[in-house]
Amino acid sequence: MLIKRIHGWEVPEREATSESAYLNRRGLVKAMGLGAIAASVPGLARAEDDPSAKLYPAKANATYGAPTPMTAEKLATTYNNYYEFDTDKSIYKAAQKLPIRPWMIKVAGLVEKPFEIDIDSLLAKMPLEERVYRHRCVETWSMIVPWSGFAMKSLVEFCKPTSGAKYVVMQTLNNPKVMPGEKDSTYPWPYTEGLAMDEAMNDLCFVATGLYGKPIPKQNGAPLRLVAPWKYGFKNVKSIVSIEFTEKRPVSFWEKLNSDEYGFWANVNPQVPHPRWSQATEKPLGTSDRVPTQLYNGYGEFVAGLYEGRKSEKLFM
Ligand SMILES: Nc1nc2c(c(=O)[nH]1)N[C@H]1C(S)=C(S)[C@@H](COP(=O)(O)O)O[C@H]1N2
Ligand SMILES: [Mo]
């Protein structure tokens with residue numbers, strides 16, 4: 001007799017969308033030609049109203065595996081960190097005020113020629129795909145979600161940085177009228193994050209423009225956000241309007257606020273505690289379990305090499 005073993009870290013069916021259920025639904029939606037399902041939460045923007053809706057779902061790329069169990073869509077889209085709206089997790093309704101068209105992205109700094117491009121023109125030029133990634137917040141919650149978008153390296157190549165470029169710096173929209181959190185001047189707005197060029201060029205590094213086979217919801221960082229899954233979640237800057245190539249390492253948002261607690265590299269490491277809590281375990285969203293956290297969030301085989309020559313840096317916080 002075949003007995004299905006339930007591991008302690010597996011979430012009950014009612015709390016998680018199993019991969020097969022997700023894939024079935026995805027196939028069904030495609031077969032019905034709907035393109036996207038309306039968001040189930042009232043008051044939320046309808047994904048099919050987004051001009052990019054027809055681009056999703058994108059073709060799956062399983063190079064980095066298909067981690068399970070998938071976090072329920074409803075959880076990943078209603079439990080968010082987005083300090084521009086509020087410091088608590090329930091910003092998904094407030095975030096619907098964010099206007100995402102027109103959306104211009106400015107490319108500047110050490111590039112052959114600075115330019116601006118609108119999100120739909122950029123989407124038309126990028127090779128879209130879907131990747132299921134693990135996400136680990138520094139606060140110790142975690143999730144597994146299917147992002148759609150393109151490799152960060154495709155974006156970098158499109159920007160044509162010059163040989164002097166050592167870092168890529170990205171910033172979130174600065175608009176206190178729609179983002180009330182930005183009125184709080186104790187924070188160093190706009191939200192700024194950066195990567196070393198070799199990190200940005202690593203194929204694991206991703207730019208998400210979709211989530212669960214639909215355009216990415218505003219609360220998750222529409223219309224484009226960074227996804228560097230081997231780093232703590234705060235590196236994944238949302239709603240990007242500016243990409244700048246620099247010679248000097250930038251100081252990121254959280255690093256500026258408290259460099260002892262949040263560093264530039266911020267690679268996930270269960271053995272390096274945050275000054276105020278352990279990072280040894282994590283709580284998958286939708287569960288009350290704690291599961292072991294993995295070095296580089298489980299992506300060491302792809303990214304550990306980036307840090308061979310950087311052993312003297314504070315790589316893990
Ligand atoms: N602009 C901006 N980007 C941000 C944040 C933020 O507050 N503002 N929070 C970060 C943190 S701490 C995490 S864990 C992730 C959360 O992404 P999610 O809400 O899509 O799960 O976004 C990151 N990107
Ligand atoms: Mo986070």
Side-chain angles (χ1 to χ4, degrees), residues 81-84 107-111 133-140 142 151-153 155-156 159 161 164-172 174 186-208 221 224-279 282 293-300 302-317:
N81 267 334
Y82 205 158
Y83 274 48
E84 284 84 343
V107 176
L110 302 173
V111 289
Y133 275 172
R134 303 160 45 77
H135 172 100
R136 171 62 156 79
C137 174
V138 73
E139 301 160 337
T140 80
S142 65
M152 177 70 188
K153 77 164 187 254
L155 178 58
V156 170
C159 295
K166 302 272 186 295
Y167 298 92
V168 51
V169 186
M170 288 152 279
Q171 291 188 320
T172 299
N174 194 6
T186 55
Y187 291 97
W189 311 111
Y191 200 99
T192 301
E193 262 305 343
L195 296 166
M197 282 298 271
D198 56 348
E199 294 181 313
M201 293 301 285
N202 186 285
D203 187 61
L204 185 66
C205 196
F206 202 62
V207 176
L224 77 166
R225 61 88 67 81
L226 182 67
V227 180
W230 69 101
K231 294 178 175 285
Y232 287 116
F234 66 82
K235 292 295 292 183
N236 299 337
V237 47
K238 293 178 168 180
S239 307
I240 296 168
V241 292
S242 152
I243 302 171
E244 191 188 354
F245 293 85
T246 64
E247 212 232 302
K248 248 189 80 190
R249 187 165 110 188
V251 182
S252 40
F253 180 84
W254 285 102
E255 189 185 12
K256 219 171 262 171
L257 273 169
N258 191 340
S259 62
D260 292 335
E261 300 198 350
Y262 310 99
F264 174 79
W265 300 100
N267 296 308
V268 174
N269 188 337
Q271 296 189 13
V272 179
H274 182 275
R276 290 182 283 131
W277 58 82
S278 163
Q279 295 291 18
E282 63 199 58
T293 284
Q294 301 174 56
L295 182 60
Y296 296 111
N297 198 22
Y299 295 103
F302 307 111
V303 296
L306 291 169
Y307 306 102
E308 284 301 324
R310 292 180 166 128
K311 294 268 155 80
S312 60
E313 304 267 347
K314 239 165 71 174
L315 293 175
F316 300 108
M317 58 176 277

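This structure is a prediction, so every number in the text was calculated from the model and none was measured. The residues of the chain are indexed from 1 along the displayed sequence.
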[X] versus [Y]: any side-chain heavy-atom pair under 4.5 Å?
X      : Y      : result
Met317 : His274 : no
Gln171 : Tyr191 : no
Ile243 : Val169 : no
Phe245 : Val156 : yes
Phe234 : Phe253 : no
Lys238 : Leu224 : no
Val237 : Thr192 : no
Val207 : Val227 : no

Calculate, to the nearest 0.5 Å, the distance between atoms [atom1] and [atom2] belonging to [X] and [Y] respectively.
X      : Y      : atom1 : atom2 : answer
Asp260 : Arg276 : CG    : CZ    : 11.0 Å
Leu226 : Met170 : CG    : CE    : 5.0 Å
Glu84  : Asn174 : CD    : CG    : 8.5 Å
Glu255 : Tyr262 : CD    : OH    : 13.0 Å

Distance-minimising heavy-atom pair for [X] and [Y]:
X      : Y      : value
Asn269 : Tyr232 : N-OH, 3.5 Å
Pro273 : Ser278 : CB-CA, 4.2 Å
Pro161 : Met197 : CG-CE, 3.6 Å
Glu261 : Pro275 : CG-CG, 3.9 Å
Pro270 : Gln294 : CD-C, 3.7 Å
Ala200 : Cys205 : O-CB, 3.9 Å

Donor-acceptor pair, [X] side chain versus [Y] backbone, under 3.5 Å?
X      : Y      : answer
Arg134 : Asn297 : yes
Ser312 : Arg310 : no
Lys153 : Glu199 : no
Tyr133 : Leu204 : yes
Asn267 : Leu315 : yes
Gln279 : Val138 : yes
Ser252 : Trp254 : no
Lys231 : Trp265 : yes

When you compare the side chains of [X] and [Y], does any donor N or O come within less than 3.5 Å of an acceptor on the partner?
X      : Y      : answer
Asn236 : Glu193 : no
Glu282 : Thr140 : no
Tyr82  : Ser239 : yes

Practice prompt. Evaluate the criterion side-chain contact (heavy atoms from CB on, under 4.5 Å) for residue pair Lys166 and Thr246; output intermediate values, then yes/no.
Written response: CA-CA 6 Å; Lys166 302 272 186 295; Thr246 64; over 6 Å; no
Discussion item. Using the rule ring pair (Phe, Tyr, Trp, His ring centres under 6.0 Å), only one of Tyr307, Phe302, Trp230 pairs with Tyr296; which is it?
Written reply: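 Result: among Tyr307, Phe302, Trp230, Tyr307 is the only option passing the ring pair (Phe, Tyr, Trp, His ring centres under 6.0 Å) with Tyr296.
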Worksheet item: Quick one: side chain to side chain donor-acceptor pair (under 3.5 Å) partners of Thr172, sequence neighbours excluded?
Response: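 Here no residue qualifies.
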Practice prompt. Return the set of residues passing side chain to side chain donor-acceptor pair (under 3.5 Å) with Ser242 (not counting sequence neighbours), or none when no residue passes.
Written response: none
Practice prompt. Carefully, step by step, assess Phe264 and Arg249 under the rule side-chain contact (heavy atoms from CB on, under 4.5 Å).
Written response: CA-CA 9 Å; Phe264 174 79; Arg249 187 165 110 188; 3.6 Å; yes
